[in-house]
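To start, the structure itself, in structure tokens.
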Amino acid sequence: MPIATPEVYNEMLDRAKAGKFAYPAINVTSTQTLHAALRGFSEAESDGIIQISTGGAEFLGGQYNKDMVTGAVALAEFAHIVAEKYPVTVALHTDHCPKDKLDGYVRPLLAISQERVAKGRNPLFQSHMWDGSAETLDDNLEIAKELLAEAAKAKIILEVEITPTGGEEDGVSHEINDNLYTTVADAVKTAEALGLGEKGRYLLAASFGNVHGVYKPGNVVLRPELLRELQDGVGAKFGKKDPFYFVFHGGSGSSEQEIATALENGVVKMNLDTDTQYAFTRPIVDHMFRNYDGVLKVDGEVGSKKTYDPRTWGKLAEAGMAVRVTQACENLRSTGTRLK
């Protein structure tokens, strides 16, 4: 069961929360980066999450048409086939989708999975993300309610981002300022609008100073202890202990202590993109520099087919990214936790 069924995905998330570990959610943009993620999970003996952003889906759709739905569906179908060869279970997820891209990305994908479920099959994706952080909280939650209902029909989990994550990802950007911290009032409002599971299951991307992209430690003030305040504040009001399943966005560059605190407070999914992009590209650069006169036809020479063959440097890139995925599993305590 390499691609999780809805029931197994629910079990994965419950196990993570109970065991205080989280699944690395690895952004992929090609069949090669997909294999790298699957390899990394397998070598760590960890289940995990594979995700595709709107920009990643557009890239996967090809530069001639740049169709996001085509790209996402094609890679998901590919994943359903090749994942059979790996000894781990993974869920397929779509990453950040702002309001102006819902009709061209998440809504059509939900419709595809609803049709599959109506025919007795499993959904194509196991979860989708709605990023309403650029909207007012009221508008954000109004759209989230509609999407949650549609996701529930397809046995899909919805991820919602209720307050901004700093930095920029796929054209969505927010300043790094004091707005990057979710309040208990924000979390209560979310629970009132979306329920706590009875209206459909969702993951919550709350903000505790998170920033997308590359930054050095100390440049961003993360407060993962804030997640405990949100759990306790909403839990007290609704009589439910630790009601939220949190997602950690903008995790590149985070310290081990910050990650550990987040895990203790209910994070079950942590996104990883910037670090894996670099881990994939770095071996390619090394290969090109070391084999300059082989990958290029310098001074009228013919070069070396063995060095410019994409398979040669592609294998190095896959291995490099897989190592970074195994490191993420270790940091998130998911190593060795795969479903038997």
Side-chain angles (χ1 to χ4, degrees), residues 16-17 20-27 49 51 53 93 95-98 129-137 140-141 144 159-191 202-235 242-278 324 327-328 331-333:
K17 189 175 181 182
K20 296 189 183 301
F21 67 88
Y23 297 106
I26 308 299
N27 281 71
I49 298 170
Q51 60 188 26
S53 67
H93 175 81
D95 201 11
H96 294 268
C97 184
M129 181 184 178
W130 151 236
D131 182 355
S133 59
E135 314 301 320
T136 66
L137 184 57
N140 183 341
L141 293 175
E159 179 182 331
V160 296
E161 182 167 352
I162 56 170
T163 43
T165 295
E168 187 273 334
E169 182 172 30
D170 279 350
V172 179
S173 61
H174 296 289
E175 292 183 11
I176 301 175
N177 55 36
D178 290 342
N179 292 327
L180 304 184
Y181 301 93
T182 302
T183 66
V184 172
D186 296 330
V188 167
K189 207 167 190 177
T190 300
Y202 64 92
L203 305 174
L204 182 61
S207 306
F208 50 97
N210 321 59
V211 176
H212 289 131
V214 183
Y215 58 88
K216 294 181 180 179
N219 287 11
V220 175
V221 181
L222 287 175
R223 291 179 49 212
E225 65 277 3
L226 174 65
L227 299 177
R228 173 48 49 200
E229 297 176 24
L230 304 183
Q231 295 278 34
D232 291 346
V234 173
D242 292 352
F244 292 124
Y245 289 69
F246 288 121
V247 180
F248 190 153
H249 283 259
S252 297
S254 303
S255 71
E256 290 186 16
Q257 183 55 54
E258 289 166 338
I259 293 172
T261 301
L263 297 178
E264 292 295 324
N265 293 329
V267 165
V268 297
K269 172 180 180 280
M270 179 172 161
N271 292 6
L272 203 65
D273 189 14
T274 302
D275 285 358
T276 48
Q277 287 177 347
Y278 183 78
R324 184 61 185 88
Q327 180 186 337
N331 292 341
L332 296 178
R333 306 174 183 166

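Just so you know, these numbers use all the heavy atoms, side chains as well, and skip hydrogens, waters and symmetry mates.
Interatomic distance, CZ of Arg333 versus CG of Leu263, reported as 5.0 Å (0.5 Å rounding). Of the inter-residue distances, the one linking Ile26 atom CD1 with Gln277 atom CD reads 11.5 Å to the nearest 0.5 angstrom. Here the straight-line distance linking atom CD of Glu264 with atom CD1 of Ile259 works out to 13.0 Å at 0.5 Å rounding. Annotation: the span from Met129 atom CE to Gln51 atom CD amounts to 9.0 Å, rounded to 0.5 Å. Expressed to the nearest 0.5 Å, how far NZ of Lys189 lies from OG1 of Thr183 amounts to 9.5 Å. With rounding to the nearest 0.5 angstrom, the CD atom of Glu256 is 10.5 Å from the CG atom of Leu332.
A distance-only check finds a donor-acceptor pair linking the side chain of Thr182 to the backbone of Ser207 [under 3.5 Å]. Of the possible polar contacts, none joining the Asp186 side chain to the Leu230 backbone as a donor-acceptor pair under 3.5 Å is found. In this structure a side-chain-to-backbone donor-acceptor pair under 3.5 Å is present from Asn265 to Pro224. Side chain of Arg324 to backbone of Asp275: no donor-acceptor contact under 3.5 angstrom is found.
Smallest separation of non-hydrogen atoms from Leu204 and Thr190: CD1-CG2, 4.3 Å. Contact record, Ser53 with Asp95: CA-CB, 3.8 Å, taken as the closest heavy-atom pair. Considering all non-hydrogen atoms of both residues, Asn140 and Glu161 come closest at ND2-O, 3.0 Å. Shortest non-hydrogen contact noted between Arg223 and Glu229 is NH2-OE2, 3.7 Å. The minimum heavy-atom distance between Gly233 and Val184, with the atom names listed, is CA-CG1, 4.0 Å. Between Leu141 and Ile162, the shortest heavy-atom distance links the atoms CD2-CG2, 4.2 Å.
Under the salt bridge (charged side-chain N to carboxylate O under 4.0 Å, His left out) criterion, Lys17 pairs with no residue at all, not counting sequence neighbours. Shown here are the side-chain hydrogen bond (donor to acceptor under 3.5 Å, both in side chains) partners of Gln231, two or more places apart in sequence or in another chain: there are none. Considering only residues two or more places apart in sequence or on other chains, Glu135 meets the salt bridge (charged side-chain N to carboxylate O under 4.0 Å, His left out) condition with none of them.
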Next on the checklist: Checking Arg228 against Asp242 for the side chain to side chain contact (heavy atoms under 4.5 Å, CB included) test, could you report, in this order, the C-alpha distance in whole Å, the side-chain angles of both residues, the deciding distance, and whether it holds?
Outcome noted: CA-CA 8 Å; Arg228 173 48 49 200; Asp242 292 352; 2.7 Å; yes

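A perpendicular orientation is assigned to the rings of Phe208 and Phe248, their planes being inclined by more than 60° (bins at 30° and 60°). Classified by interplanar angle (parallel below 30°, tilted 30° to 60°, perpendicular above 60°), the ring pair Phe246/Phe244 is tilted.
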